[in-house]
Amino acid sequence: MFEYEIQQYRHADLIREAAAERLVRQLRADRRAERRVAKDRGEGRVNSQDSTRFTRAA
């Protein structure tokens, strides 16, 4: 009986872990899509090498 309970606990743990990994994958895909859309609109950083010399563009 004890082994069965351990197996049930491990099964539930694996399901939670898989759900967390799917969430992370989805968030990364959403961020990539947002960057792609911003790039198409022409928004985003212009040049970040020496950002202290000039003020930010509007």
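Keep in mind that the numbers below use all heavy atoms, side chains included, and drop hydrogens, waters and symmetry copies. All values reported here derive from a predicted model rather than from experimental measurement.
- For the side-chain hydrogen bond (donor to acceptor under 3.5 Å, both in side chains) test, no residue two or more places apart in sequence or in another chain qualifies with Q7.
- Not counting sequence neighbours, Y9 has no partner by the side-chain hydrogen bond (donor to acceptor under 3.5 Å, both in side chains) test.
- The list of salt bridge (charged side-chain N to carboxylate O under 4.0 Å, His left out) pairs with a residue in residues 4-15, not counting sequence neighbours, reads R10-D13, D13-R16.
- Between R31 atom CZ and E34 atom CD the span is 8.5 Å, to the nearest 0.5 Å.
- Side-chain contacts under 4.5 Å among hydrophobic residues (ILVMFWY), followed directly or transitively, place L27 together with L23.
- With sequence neighbours excluded, the residues that form a side-chain hydrogen bond (donor to acceptor under 3.5 Å, both in side chains) with Q26 are D30.
- Other cluster members for F2: I6, joined by side-chain heavy-atom distances under 4.5 Å among Ile, Leu, Val, Met, Phe, Trp and Tyr.
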